[in-house]
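Accompanying notes for the structure given below.
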Amino acid sequence: MTDASVRLTFEGGTVRVDAPRDLLETLPDVEYDPRTETGRTPGFRYATLRAALAEHDVEVEDRVLALSDLPALRSAYELREYQHEALDAWRDAGQRGVLELPTGSGKTVIALKAIEALSIPTLIVVPTIDLLDQWERELGTEFDVDLGRLGGGEQRVEPITVSTYDSAYLRADELGDRFELVIFDEVHHLGGEGFRDIGRLLAAPARLGLTATFERPDGAHEVVEELVGPVVYRLSAEDLAGDHLAAFDIKRIEVALTPEERERYEEFQGTFTDYLAQSGIQMRSGSDYREIVKRSGNDPAAREALLAKQRAREVMMNAEGKVEELAGILDRHRGDRVIVFTAYTDLVYRLSERFLIPAITHEVPKVQARRRILEKFRRGEYSRIVSSHVLDEGVDVPDANVAVILGGSGSEREFKQRLGRVLRPKAEGERAILYEIIAEETAEERVAERRRG
DNA sequence: ACTGACCGACAACCAGCGGACCCA
DNA sequence: TGGGTCAAGTTCTTGTCGGTCAG
């Protein structure tokens, strides 16, 4: 017992545990691997494994992490009080956990301070190339070290590296031993079926997640919690409004469908409800909906019902009355900076033509063109833009003070992200406004309720 | 170097009120 | 007559992203 020895090494996203069989069996989450005749556990269990071994009176030869040298980092940045609290909460939780803070509250800065405080090799994982660039810029300004970059056509690893989720996913098994701290920006993405493997394969014991909305409707935040840790600090937009973020009002406006729209809506919606009645499905949650989706693979009636539901959704999301209402809003806010959000790209182009507003969708040819439009918006050459979902996340959108949602999903996340676009601190007394325009007597009233308007 | 086409991944997707059938 | 089960083997569409590869 006393002189047993244990050797830990990293192999393709797992920690290999060379130890006597009887000791292996006492270790949590360590499985016996008959091929190598050793114990084995996923990379993310490394920290708990070390803790468990510390309880035993054994000599541990730990060769898991292969870290490069990193000079002590220093940044001139001063954290605000709540940012300080957030960082402390994370450290108190054993350098594991998630910070849930609204868009514009300076999550990046907290992370930079965490990197500075620990000065250990760090991997930062982000969902988009845009964020890749932003992090690279911030890190470059703050720290005087070479930065690695994985994604956007480059694959360069340095002690401090920024990666996309996609690239990290492709290389996690091989990179898992190179970093002691991993930061997941927009950490809710880590709940995705494939992306969760990133968290699983990395051995980094220190883990920080950043997001504005931790909970996922599919429940996968529990996976994230296991891989990164629980939420250790949380503030909402309301908490910071009027102080570090702009004060804001949310105005809900209901508009009527035209008689033609009403007729089409009722017909499509009717097809859907008829199917529900006929199949006996109780529509209580998203899983009931998924049940219909599942059936639609083999059952033509289910498929027809789903298509009808989608057509009904299109009718209400694109209702003509919303366009008229928008005309009034644009008129009232002549001097303001306005972002208009829709659910469908078709409507984006219709609005763009009718109101002569630049459009941004995923189809906008080339990132360059999109960037040019945003740049002109930033400089004030444009005071309005129309977009679908493109600007929801991961794009550095210049500040606006009026947002108009013509069509959106029931997603709380989408709503917060859109709201976040108008919440940067404003001049004294100025308030941001978010308009939700909703088709009355349609399912959209419930949809808007779900996202908590 | 840039571009477009392709692929796979991810996310959202949520009625309003009484039927049909098989088997023990 | 009464009670239980109703459709399984992989699943709708739209919007958006990153990675890859050919030209």
Side-chain angles (χ1 to χ4, degrees), chain A residues 125-132 150-155 163-171 186 188-198 213 216-218 220 266 268-314 316-318 341-348 360-370 387-395 407-415 417 441-451:
Chain A
V125 188
V126 304
T128 64
I129 304 282
D130 240 79
L131 283 169
L132 200 64
L150 305 173
E154 286 175 72
Q155 295 287 312
S163 170
T164 60
Y165 277 84
D166 286 88
S167 284
Y169 174 65
L170 294 172
R171 302 191 53 182
E186 309 291 356
H188 48 271
H189 286 284
L190 198 64
E193 209 62 58
F195 288 166
R196 60 183 63 170
D197 284 346
I198 302 168
T213 24
R216 295 170 49 112
D218 63 0
E266 295 299 341
F268 289 133
Q269 192 72 4
T271 305
F272 182 69
T273 53
D274 285 353
Y275 177 77
L276 290 179
Q278 167 238 315
S279 64
I281 291 179
Q282 306 281 307
M283 189 59 62
R284 291 223 161 77
S285 68
S287 61
D288 299 316
Y289 185 84
R290 278 201 298 280
E291 176 61 22
I292 303 176
V293 173
K294 202 189 285 180
R295 293 183 183 192
S296 70
N298 305 357
D299 177 6
R303 188 178 141 80
E304 196 200 345
L306 266 184
L307 286 174
K309 180 76 192 135
Q310 263 144 207
R311 296 291 95 81
R313 184 169 186 270
E314 279 174 40
M316 71 185 190
M317 290 294 177
N318 297 331
F341 295 100
T342 74
Y344 292 96
T345 49
D346 280 2
L347 183 58
V348 172
I360 299 187
T361 73
H362 75 284
E363 292 170 357
V364 169
K366 267 330 326 144
V367 182
Q368 296 303 331
R370 187 188 300 179
S387 120
S388 40
H389 294 284
V390 200
L391 304 183
D392 285 358
E393 178 187 274
V395 185
S409 69
S411 160
E412 197 186 329
R413 172 164 301 121
E414 178 193 86
F415 184 77
Q417 283 163 339
E441 287 173 57
T442 67
E444 191 170 19
E445 291 169 341
R446 280 182 299 278
V447 169
E449 228 26 73
R450 235 179 289 137
R451 68 185 172 226

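In what follows, every chain begins at residue 1, and chains take the letters A, B, ... in the order their sequences are listed.
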Per A:Ser409 side chain, nearest of listed nucleotides B:dA12, C:dG18, C:dA8: B:dA12
Report yes if a side-chain nitrogen or oxygen of [X] is closer than 4.0 Å to either non-bridging phosphate oxygen (OP1 or OP2) of [N]; otherwise report no.
X        : N      : result
A:Arg290 : B:dC13 : no
A:His362 : C:dT16 : yes
A:Arg216 : B:dC10 : no
A:Arg311 : C:dT14 : yes

Heavy atoms under 4.0 Å, any strand shown: does [X] hit a base, just sugar-phosphate, or nothing?
X        : result
A:Ile292 : nothing
A:Phe272 : sugar-phosphate
A:Asp288 : nothing
A:Ala302 : nothing
A:Gly297 : sugar-phosphate

Between A:His189 (NE2) and B:dA9 (P), how many Å, whole number? 16 Å
Between A:Gly408 and A:Val447, the two heavy atoms sitting closest are O-CG1, 3.8 Å
Between A:Leu150 and A:Gln155 the two heavy atoms that sit nearest each other are CD2-OE1, 3.5 Å
In terms of the nearest nucleotide of DNA chain B, which residue is placed more toward the 5' end: A:Glu414 or A:Gln278? A:Glu414
Taking for each residue the nucleotide of DNA chain B bearing the nearest heavy atom, is the 5' side occupied by A:Ala443 or by A:Glu193? A:Glu193
Regarding A:Glu449 and A:Arg446, does a basic nitrogen lie under 4.0 Å from an acidic carboxylate oxygen? no
Using only modelled atom types and a 3.5 angstrom limit, is any donor from either the side chain of A:Asn298 or the base of C:dA7 paired with an acceptor on the other? no
